[in-house]
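The structure appears below as structure tokens.
Reminder, nothing fancy here: chain letters follow the sequence lines and each chain counts from 1.
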Amino acid sequence: MVDMSPADGPADGGLLAGLRQTGTLAWRTLLQIRHNPWELGDFSIQPVLFLLLFLFVFGGAIAGSTADYLQFILPGVIVMNMVFVTVYVGHGLNTDLTKGMFDRLRALPIARWAPLAGRIVADLVKQAWSIILLLGVGFLLGFRLGTSPLGLLGMALLVLTVALAMSWIMVLVGVLARDPEHVQLFGFTALFPVTFVSNVFVPVETMPGWLQVVVAVNPVSQLADAARGLLVGGPVLGPALWSLAWALGITAVFAPLSVRALNRRLARG
Amino acid sequence: MRRMSEAIHVEELHRSFGATRALAGVDLSVRRGSVLGLLGPNGAGKTTMVRILATLLRPDAGRAVVGGHDVVSQAQRVRQLVGLTGQYASVDEKLTGRENLVLIARLLGQSRAAARARADELLREFELEHAAARAAKHYSGGMRRRLDLAASLVGRPEILFLDEPTTGLDPRARLSLWQLVRRLVAAGTTVLLTTQYLEEADALADEIVMLDHGRVIAAGTADQLKARVGARSLVLSLTDESQLPAVAALLEAAGGQPPQVNGRQISVPACDAGLLRAVVRRLDESGLKVDEIALRSPSLDDVFLALTGHATGEDGGEDGGYVPG
Ligand SMILES: Nc1ncnc2c1ncn2[C@@H]1O[C@H](COP(=O)(O)OP(=O)(O)OP(=O)(O)O)[C@@H](O)[C@H]1O
Ligand SMILES: [Mg+2]
């Protein structure tokens with residue numbers, strides 16, 4: 001797969017062929033959803049449910065009114081959901097590895113990186129779908145765009161960029177885990193605190209001092225702040241740069257680690 | 001470049017997993033357009049061999065050339081020539097049978113229309129048309145196996161690796177797989193198949209290589225291997241057990257060697273082709289009654305036992321139940 005073996009010659013078909021293969025493999029992942037609609041529910045119903053629950057249960061207490069709370073929480077829920085959806089990358093990859101599908105693909109004369117790239121691209125499509133869905137539900141509930149459509153687009157791109165980076169963490173989990181269930185278990189267990197110890201649901205000022213420090217450096221908080229700025233208004237540049245820095249750092253650390261772990265797992269037989 | 005008549009050439013191949021030596025110096029060669037049967041008990045190294053030849057695993061030492069290309073340094077070229085059906089069916093369970101095949105065809109660069117046509121053709125050939133639109137996870141074991149096989153044929157490979165292709169198939173499906181292999185070979189495909197069924201290697205393979213503990217313990221045609229164990233024997237089944245001594249005496253008189261008695265069966269080594277004629281004539285003259293009279297070759301099971309000193313499947317020390325991944 002990502003086996004950077006000695007020049008195999010032109011048989012690869014080059015970059016263009018690799019991109020096409022990646023597209024085909026992404027299409028495959030999306031086809032899977034068509035046959036397992038409940039999977040769509042997993043990353044559609046859950047975030048919407050979260051949004052509605054928090055909005056109507058806590059909205060009054062936290063922000064005084066649900067309308068105000070919606071303005072605060074929607075960008076945060078979009079970010080939180082993005083974090084959870086990255087688990088699908090690891091889950092899908094691990095399924096392919098344990099069920100032999102990855103071997104089937106590796107035995108084909110396709111670009112070595114296509115199977116992994118296909119996985120990641122497909123999950124970006126899922127990410128985009130979740131963002132659109134949450135925005136749609138948000139607008140139905142009365143969310144007001146405080147900026148411009150350009151801000152909205154910027155928010156989507158920024159969230160997708162960070163999603164891409166965070167996918168690499170889940171690739172590593174997918175490679176190291178024994179089976180898909182462990183990926184899910186580990187993924188959600190690790191991600192729950194990361195998303196909740198953030199400013200997604202409540203403003204950071206309401207927390208004890210030591211927690212504020214943790215929340216402030218949490219990339220989820222930074223990204224949620226940036227998303228708020230881009231959707232509702234307020235400071236954008238600072239949190240957006242921090243988010244990009246996080247994305248860069250995560251990629252720099254986890255992409256090589258993941259690729260190495262994957263190659264090692266494959267070489268082990 | 002290898003000699004063009006060779007589809008697969010393997011020299012001194014080694015591969016270990018930790019302390020387990022899965023392949024400990026294997027040589028073999030497969031003629032273009034022929035079938036090689038790789039035979040061996042659990043843990044012999046069959047799957048390891050196939051995975052190396054299909055470029056999924058690197059050897060520790062030695063050389064393997066497939067279709068004229070080195071499996072390590074020219075892996076991508078090898079992949080263009082080969083098809084692989086692994087020991088454990090590897091299809092996307094969430095996709096339908098047709099989608100699985102279309103996916104492979106598309107990855108191989110076929111157009112949408114060509115991919116669909118190829119998929120339908122294979123579905124028909126493997127009698128999966130009725131299940132074409134069903135997700136593979138709802139397939140029976142045998143259907144999944146067939147889909148897996150179809151998937152490895154999408155690109156019309158010149159060289160096909162089949163790792164225990166008939167394990168889990170019912171007798172009818174097994175026969176139709178045998179026919180398929182014969183059809184493919186008639187059309188020029190080279191096949192390397194692994195099996196634990198001696199009769200399967202006997203039925204399909206032009207040449208057989210027997211592996212045990214990562215080493216070749218015997219190689220040759222089925223007949224050559226059988227010849228190593230000993231001659232054929234003449235076997236008679238009697239209706240009336242009380243006639244055993246008389247028949248035994250008759251056999252000894254005709255052939256000169258002492259016969260062996262096993263229940264109502266009696267057998268004698270048949271080195272000489274004239275023996276059968278002589279026995280039939282004497283039986284006729286004596287009026288003794290015989291149910292069945294047959295010339296029997298030793299089975300490959302006999303060969304295995306003779307070569308290894310242990311029967312197939314009784315491979316004590318090794319962990320044969322290993323599942324990759
Ligand atoms: N990935 C692996 N890790 C550790 N040991 C392995 C691995 N793959 C194979 N082995 C070991 O190598 C030996 C050969 O295994 P292999 O799968 O090649 O045998 P096989 O002939 O295909 O057996 P079977 O008939 O059971 O499929 C066995 O002892 C097996 O346990
Ligand atoms: Mg095996």
Scanning both residues in full, the closest heavy-atom pair of A267(A) with L57(B) reads O-CD1, 3.9 Å

What are the two closest heavy atoms between S90(B) and G100(A), and how far apart are they? CB-O, 3.1 Å

Distance (rounded to the nearest 0.5 Å) between L25(A) CG and L103(B) CG: 6.0 Å

Here the gap from R104(A) atom CZ to L107(B) atom CG, rounded to the nearest 0.5 Å, amounts to 11.0 Å

Any side-chain to backbone donor/acceptor pair from R106(B) onto R20(A)? Under 3.5 Å, distance only. no

The interface call for L105(A) against chain B, heavy-atom contacts under 4.5 Å, is side chain

Can you tell me how far CZ of F17(B) sits from CZ of R268(A), rounded to the nearest 0.5 angstrom? 11.0 Å

Atom CG in L31(A), atom NZ in K94(B): separation rounded to 0.5 Å? 12.0 Å

Write down the atom of H35(A), the atom of E99(B), and the distance for their closest heavy-atom approach. NE2-OE1, 2.7 Å

Spatial distance of atom CG (D92(B)) from atom CD (Q32(A)) [nearest 0.5 Å]: 4.5 Å

Treating Q80(B) as the side-chain partner and L108(A) as the backbone partner, does any N or O pair qualify as donor plus acceptor under 3.5 Å? no

Do you know which of T55(B), T96(B), D148(B) has the most heavy-atom pairs with chain A at a distance under 4.5 angstrom? D148(B)

Give me the one residue out of V78(B), L81(B), V82(B), L108(B) that meets side chain to side chain contact (heavy atoms under 4.5 Å, CB included) with P109(A). L108(B)

Look at R51(B) together with D103(A) and state whether they make a salt bridge at an N to O cut-off of under 4.0 Å. yes

Shortest non-hydrogen contact between A107(A) and L84(B), atoms and distance: CB-CD2, 4.4 Å

